[in-house]
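Comments concern the structure below.
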Amino acid sequence: MSAIETKKANCKNCYKCLRNCPVKAIKFTSGQAEIMPDLCIACGTCVQVCPQGAQQAESQLKTVQRMAERGEKLVASLAPSFYGAFKVDDPMKVVGALKKLGFAKVCETAVGAAIASDEMARVAMEGKMDNIISTCCPAVNDLIEKHYPELVQYLAPVVSPMVAHGRYIKKHDPEAKVVFVGPCFAKIEEARDVRVDDAIDAVLTFQDLEEWMKKANLTLASVEPAPLDSENAGLARMYPTNAGVLHNVKARGLTGWQLQHIEGPDACFEMIKALKQGDLHKVFIEMNMCVGSCMGGPARMEERPSRFSAGMKVRDYGRDAEVEVPKIDHAGINVSKVFVDRTKPVKLPTEEEIRAILRSIGKESKADELNCGSCGYPTCRDKAIAVFQGKAELSMCLPHMFQIAQSTSNVVLDNSPNIILVVDEDLKITELNAAGQKIFGISRAEALSKYLYELFDPRDFEFVLESYETILSKPLTIDEYNLTVEQTLVYLPNQHGVMGILRDVSAEKEQQESLYQLRVDTMNMAQKVIDKQMIAAQEIASLLGETTAETKATLTHLKNMIINNGDGRV
């Protein structure tokens, strides 16, 4: 399980999360991003950069609120970065706000930092380790355990300040439910690590605290400041600032070691490379994944001071302590931690399998491997390996997909018998296909330098630009080219232009006119035949009329003769 959760979102093939993820712990299935817990180090980068909110940090706010409602004794372990992280005239108002929300005590995590500093300085002065990497940043610890297990030997075998403080609080108050409050997502995952899960009961980020105050109609401006319920931690309050760890181990008398402060993914990877090469010896390294150390943590508030001004404020807060290195009794508290190899075995493709995947996305040779990084992977080979492992999709290669789309588009444009043209909002021609070039008698280059009204009347295109309405199969005669077309015009919102498909119906019109004339001629001929037949019929009828009259007279006379015995009398 990871402290970063994937939510269904409107992913748009931007791969921004993957490009920015330092360990490529995101896979894509059907275009949807998904966190891979076995690889994720919970640094929170994907949460910060995703424009669609597909990646979100787990929130334990509701858990803490239920604990408060049940009347449990909540004790806050407040990260020392609070002193500069909030836009407030008196930072101690943050302590007052936590107590208003139901915390019985608010103690400073810097006390745990002082304990961790004592132990790391002790380990270093034993001289048994070749190099030492501080283990205060859980994202760095995960980075090494999950991705560079050969460097586990350099991790200081010491718990983080959060864990040390949680155990310290619970030793002195067994009923306490310890809630860590700070700017880090990785602390959520660290708190449930089975090696240290006895120390912290829940984690709230500064963002969670801000949300809780809003729901409670509580503002820092309206809260009275309150004192911390813990010892003065001295220089340990500087832990969240640049080289804060180094200041503390040095103040504890550490000598004979080179001290190196590293922050940000790029610097961390560079240091890891140097350690793998065996270039360094007797170097005590403070390594942080966030630029600006904890002052640059991902879970800060929306309205906040810059990390520079905040860092200076926290640094001064630590330097103003009455005692630089306080004597904090942590006897009986387990402050050791064993770090281990947490990598998961993965199957790697053969060279031929890599080449086959590359060929499937148009990478026939080394020259075709652009290594543009648009997919999120640094090289095409890395992308091919990810495809083999089921972490990436072939369609994630944007240059290849663009070539396919362009090729398909060109086939349609070049082989369509219809005129296809596109104009921008000023009616300047931005595309004209081969059929249009042939009919208008101009090249594509010439067309792209012209406006539509230089070819024909653009009023229908103007209508679509103004109304955004589509015109379907509207006839248009272009007298200049002795051309009759049926035009379909579509508004292009992204380009703020219009695409027109003009179907040449000139031949159809001539055919229709010829057919109409044939019908007229046929009708005229039929009418002539009818007229002649009518005349003949009338003549026949006339002749038939005379013959019938004579026959009638003869038969009448014959009938009379028969009735009157042949003399014709009645």
Side-chain angles (χ1 to χ4, degrees), residues 2 4 6-41 43 45-55 143 146-147 265-266 269 273 343-415 420 422 430-431 433 492-495 499:
S2 172
I4 310 298
T6 302
K7 303 292 185 183
K8 289 296 181 183
N10 189 23
C11 281
K12 286 292 187 180
N13 302 314
C14 72
Y15 311 121
K16 193 174 183 180
C17 56
L18 184 59
R19 283 200 304 275
N20 287 276
C21 178
V23 291
K24 308 305 175 194
I26 300 171
K27 71 176 182 178
F28 283 82
T29 305
S30 300
Q32 178 71 50
E34 182 181 345
I35 294 291
M36 294 183 288
D38 289 343
L39 300 179
C40 180
I41 61 175
C43 65
T45 302
C46 58
V47 177
Q48 292 179 295
V49 303
C50 180
Q52 299 295 330
Q55 314 303 340
L143 173 67
K146 292 183 177 182
H147 298 275
D266 292 341
F269 287 125
K273 181 179 179 182
T343 57
K344 299 293 183 180
V346 293
K347 186 178 179 181
L348 294 175
T350 64
E351 182 62 25
E352 181 50 39
E353 286 170 327
I354 292 175
R355 295 308 317 166
I357 293 172
L358 289 172
R359 283 194 296 271
S360 71
I361 53 176
K363 316 294 183 185
E364 298 289 344
S365 67
K366 282 283 185 183
D368 297 323
E369 296 177 27
L370 301 179
N371 301 325
C372 65
S374 60
C375 64
Y377 290 94
T379 69
C380 295
R381 285 181 63 84
D382 290 327
K383 154 71 182 309
I385 293 171
V387 169
F388 176 83
Q389 295 172 342
K391 297 189 290 186
E393 298 176 311
L394 291 172
S395 60
M396 289 168 62
C397 182
L398 298 186
H400 178 60
M401 297 307 294
F402 177 76
Q403 288 175 354
I404 291 176
Q406 190 176 49
S407 175
T408 304
S409 174
N410 289 340
V411 169
V412 172
L413 288 174
D414 292 340
N415 292 280
I420 301 176
V422 180
T430 60
E431 187 58 75
N433 72 334
L492 305 175
N494 292 335
Q495 292 85 356
M499 180 180 70

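Residues: numbered from 1 along the sequence shown.
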Can you measure from [atom1] ([X]) to [atom2] ([Y]) and round to the nearest 0.5 angstrom?
| X | Y | atom1 | atom2 | value |
| --- | --- | --- | --- | --- |
| Leu143 | Ile41 | CG | CD1 | 5.0 Å |
| Tyr15 | Cys50 | OH | SG | 13.0 Å |
| Ile35 | Cys21 | CD1 | SG | 7.0 Å |
| Met36 | Lys27 | CE | NZ | 7.0 Å |
| Ile4 | Cys43 | CD1 | SG | 7.5 Å |
| Leu370 | Cys397 | CG | SG | 7.0 Å |

[Y] backbone acceptor or donor facing [X] side chain under 3.5 Å:
| X | Y | value |
| --- | --- | --- |
| Thr29 | Gln32 | no |
| Glu393 | Ser30 | yes |
| Thr343 | Lys146 | no |
| His147 | Leu39 | yes |
| Lys24 | Gly376 | yes |
| Asn20 | Thr45 | no |

In short, Gln55 meets Cys17 closest at the heavy-atom pair NE2-SG, 4.5 Å

- request: Test side-chain contact (heavy atoms from CB on, under 4.5 Å) on Cys40 and Val23 and set out the steps.
  value: CA-CA 7 Å; Cys40 180; Val23 291; 6.0 Å; no

For this session: Could you tell me whether Arg381 and Glu351 make a salt bridge, using a distance below 4.0 angstrom between a side-chain N and a carboxylate O?
Result: yes

**Charged N-O contact under 4.0 Å between Glu369 and Arg359** = no

Just to verify, what does Cys375 make a side chain to side chain contact (heavy atoms under 4.5 Å, CB included) with, not counting sequence neighbours?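 Partners of Cys375 by the side chain to side chain contact (heavy atoms under 4.5 Å, CB included) criterion, ordered by chain and then number, come out as Tyr377, Lys383, Met396.
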
Evaluate the side-chain proximity of [Y] to [X]: yes if any heavy-atom separation is below 4.5 Å, no if none is.
| X | Y | result |
| --- | --- | --- |
| Phe388 | Leu348 | no |
| Ile26 | Cys46 | yes |
| Phe28 | Lys391 | no |
| Ile357 | Ile385 | no |

